[in-house]
Amino acid sequence: MQKKITWPNGARCACAITFDIDADSLIHISKPADGHDRLYPISMGRYGPTVAIPRILETYKRLGLKQSFFAPGWVVEQYPDVMGSILKEGHEIGHHGYLHEDPTSHSPSEQEYWFERALESHARVLGNKPKGYRAPVYNVTQGVIDLLNKHEFEYDSSLMADDLPYVMRSKGRSLIELPVHWGTDDWPQFAHYDEIGYMMPVAGPTAGLSPFWEEFEAQYEAGGFWIGIWHPFLTGRLARWRQVEKWLESVLDRGDVWFASLEEIARHVRSQYGADAESVRVEELPYYSAPVLTK
C-alpha cells in the first residue's frame, strides 16, 4: 500500500523547484586541459549565475517563494555575490560537489577530499553549512551516504526509489530522501552541449516544459510530491522562464499547493515520520555489500 504523507495546512501537494547552479564548472571538469579557453561553453554556463539567477530571484520575491539551489563549491567561490544574494533572500543552497565531479569515478579517499573541500568553500565564502546534498549526475555511492551521515546532513536529493519522500537508513543513522527523476529534469529537454557528450534536440519552451506540468498534475491528483531539477542556464533563459512564471502563478492561485525549500520539506517529513512511522516508507542501505554475480 502506498504511504500517505500529510502536507502542512491542508495542502494537497508539496512542490519544490530546485536549481543546480553548475555554471561553467562543467566545461572545466570535462575538458581540464583546455576548458579554460573554450569561450562558448564558458559563456553558456556563466549565463546561469550572471543573468538567470537574478531573474529567478526576482520572480520568487514577487511570488513570495523560498526555494532550493545546489552549487558546486568551486561555483560558490567563483560567484560569491550571487550566491550571497540567494541566501540573503531566504533561499537554501545545498552541496553539489566541488567541480561537479562524478563520485563514482573516485576512490573513497578522493570522494572524501572533494566532498569536504566543497563543504569548506560553503563555510568560508558564505558562512553556510549545507543541510542537503545532490550528487553530480545523481551518482551517489554508499561512500557518499557515509559522508552525508558523518557530516550530519538532513537529506539527500539524488535517488529515485519512490514518488514520495522516504527515510533512508544506513549504519545507524537516517537521511530523508527527496527523490528526483529524469522526467522532471530539464537536461533531456534543453541540453545541447557537445563538449560534455550531450546533443539533445532542443525543445521549444512550451513543448519542453509541458512534460513537467503533466508530471505535476499527476502528483497533485495523488496528493504527492513534485520536484523540478533544473539548471539556470537552461530553464532560466527568457522565453522558458516566462512560461514557468505563468505556470507558477496559475498553480499558486489554486491555494492548496505547498511550495517550500527541500530543507523545509525534509524537516516536515522527518517530523511526520516521528509522529507516525507508518506514513513514511523506509529504505535500508547499503543495498548490496558486494558485486552481484552474473554467472
Side-chain angles (χ1 to χ4, degrees), residues 15-31 35 38-63 65-72 74-76 78-79 81-86 89 91-94 96 100 134 136-138 180-216 226-252 259 261:
C15 285
I17 294 175
T18 66
F19 275 103
D20 293 356
I21 313 173
D22 300 332
D24 51 312
S25 67
L26 302 177
I27 191 61
H28 301 301
I29 192 69
S30 63
K31 302 291 183 183
R38 293 178 179 246
L39 302 191
Y40 127 67
I42 290 173
S43 67
M44 181 171 66
R46 284 177 57 84
Y47 182 96
T50 58
V51 177
I53 290 295
R55 174 180 296 146
I56 292 162
L57 292 180
E58 183 179 347
T59 300
Y60 287 169
K61 186 173 184 177
R62 177 172 64 84
L63 297 178
L65 298 178
K66 306 298 182 186
Q67 294 290 275
S68 297
F69 298 80
F70 293 86
W74 179 85
V75 174
V76 170
Q78 291 296 116
Y79 302 96
D81 291 344
V82 72
M83 295 298 159
S85 69
I86 291 170
E89 292 293 327
H91 305 289
E92 173 192 16
I93 300 179
H96 194 45
H100 209 271
R134 174 168 294 147
V137 206
Y138 303 141
V180 297
H181 191 264
W182 287 108
T184 52
D185 189 313
D186 62 358
W187 203 258
Q189 304 296 333
F190 299 130
H192 191 81
Y193 205 146
D194 187 35
E195 290 79 5
I196 60 174
Y198 293 90
M199 289 293 283
M200 310 300 189
V202 179
T206 301
L209 291 166
S210 62
F212 305 142
W213 314 152
E214 293 174 16
E215 294 279 356
F216 165 76
W226 179 90
I227 181 172
I229 309 96
W230 296 347
H231 301 78
F233 75 91
L234 296 177
T235 299
R237 297 198 72 90
L238 185 58
R240 296 165 191 167
W241 192 246
R242 283 179 173 172
Q243 296 279 339
V244 174
E245 284 186 315
K246 292 175 183 177
W247 175 77
L248 281 171
E249 290 164 357
S250 69
V251 169
L252 289 169
F259 277 90
S261 69

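Reckoned from all heavy atoms, side chains included, excluding hydrogens, waters and symmetry mates.
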Requested in this report: For the residue pair Trp230 and Phe212, categorise the inter-ring angle as parallel (less than 30°), tilted (30 to 60°) or perpendicular (more than 60°).
Outcome: tilted

**Report entry** Which residues share a side-chain contact (heavy atoms from CB on, under 4.5 Å) with Glu58, sequence neighbours left out
**Finding:** none

**Report entry** Spacing of CG belonging to Leu65 relative to CD1 belonging to Ile56, to within rounding of 0.5 Å
**Finding:** 12.0 Å

Cut-off 3.5 Å, no hydrogens considered: what does the side-chain donor-acceptor table look like for residues 193-209, sequence neighbours left out?
from	atom 1	to	atom 2	distance (Å)
Glu195	OE1	Tyr40	OH	3.4
Thr206	OG1	Gln243	NE2	3.3

**Report entry** Beyond-backbone contact of Val75 with His100, side-chain heavy atoms, under 4.5 angstrom
**Finding:** no

**Report entry** Aromatic ring pairing Trp187/Phe233, orientation class (parallel under 30°, perpendicular over 60°, tilted between)
**Finding:** perpendicular

**Report entry** Arg242 atom CZ, over 12 foreign heavy atoms within 6.0 Å
**Finding:** no

Query - Val244 vs Trp213 side-chain heavy atoms within contact, under 4.5 Å - result: yes

Query raised in the report: Going by heavy atoms in the side chains, are Leu248 and Phe259 under 4.5 Å from each other?
Result: yes

Report task. Measure the CD-CZ distance between Glu245 and Arg240 for me, rounded to the nearest 0.5 Å. Result -> 15.0 Å

Query - Of all pairs that satisfy salt bridge (Lys or Arg N to Asp or Glu O under 4.0 Å), the ones with a partner from residues 16-27, not counting sequence neighbours - result: Asp20-Arg134

Query raised in the report: Do the ring centers of Trp247 and Phe216 come within less than 6.0 Å of each other?
Result: yes

**Report entry** Shortest non-hydrogen separation from Ile17 to Gln67 and the atoms involved
**Finding:** N-OE1, 2.6 Å

Kindly list each side-chain donor-acceptor pair under 3.5 angstrom involving residues 44-55, sequence neighbours excluded, with atom names and distances?
from	atom 1	to	atom 2	distance (Å)
Arg46	NH1	Tyr79	OH	3.3
Tyr47	OH	Arg55	NH1	3.0
Thr50	OG1	Arg46	O	2.6
Arg55	NH1	Gly236	O	2.8

Query raised in the report: Taking only residues two or more places apart in sequence, or in another chain, which ones meet Glu89 in a salt bridge (Lys or Arg N to Asp or Glu O under 4.0 Å)?
Result: none

Requested in this report: Using atom types as modelled and distance alone, determine if a side-chain donor or acceptor of Thr184 lies under 3.5 Å from a backbone N or O of Ile227.
Outcome: yes

Report summary line: Residues passing the side-chain contact (heavy atoms from CB on, under 4.5 Å) test with Pro211, sequence neighbours excluded, are Gln189

Query raised in the report: Quick one: are Val82 and Ile21 in side-chain contact, heavy atoms under 4.5 Å?
Result: no

Query raised in the report: Under 3.5 Å, side chain of Thr18 to main-chain N/O of Gly228, donor-acceptor pair present?
Result: yes

Query raised in the report: Rounded to the nearest 0.5 Å, how far apart are OG of Ser68 and CD1 of Ile229?
Result: 12.0 Å

Query raised in the report: Which pair of heavy atoms, one from Ile93 and one from Met83, lies closest together, and at what distance?
Result: CD1-O, 3.5 Å

Report summary line: Separation between NZ (Lys31) and CD1 (Ile42), nearest 0.5 Å, reads 13.5 Å

Report summary line: Scanning both residues in full, the closest heavy-atom pair of Trp226 with Glu215 reads CD1-C, 3.8 Å

Report task. Determine, step by step, whether Trp74 and Ile29 satisfy the side-chain contact (heavy atoms from CB on, under 4.5 Å) criterion, reporting the C-alpha distance in whole Å, the side-chain angles of both residues, the deciding distance to 0.1 Å, and the verdict. Result -> CA-CA 11 Å; Trp74 179 85; Ile29 192 69; over 6 Å; no

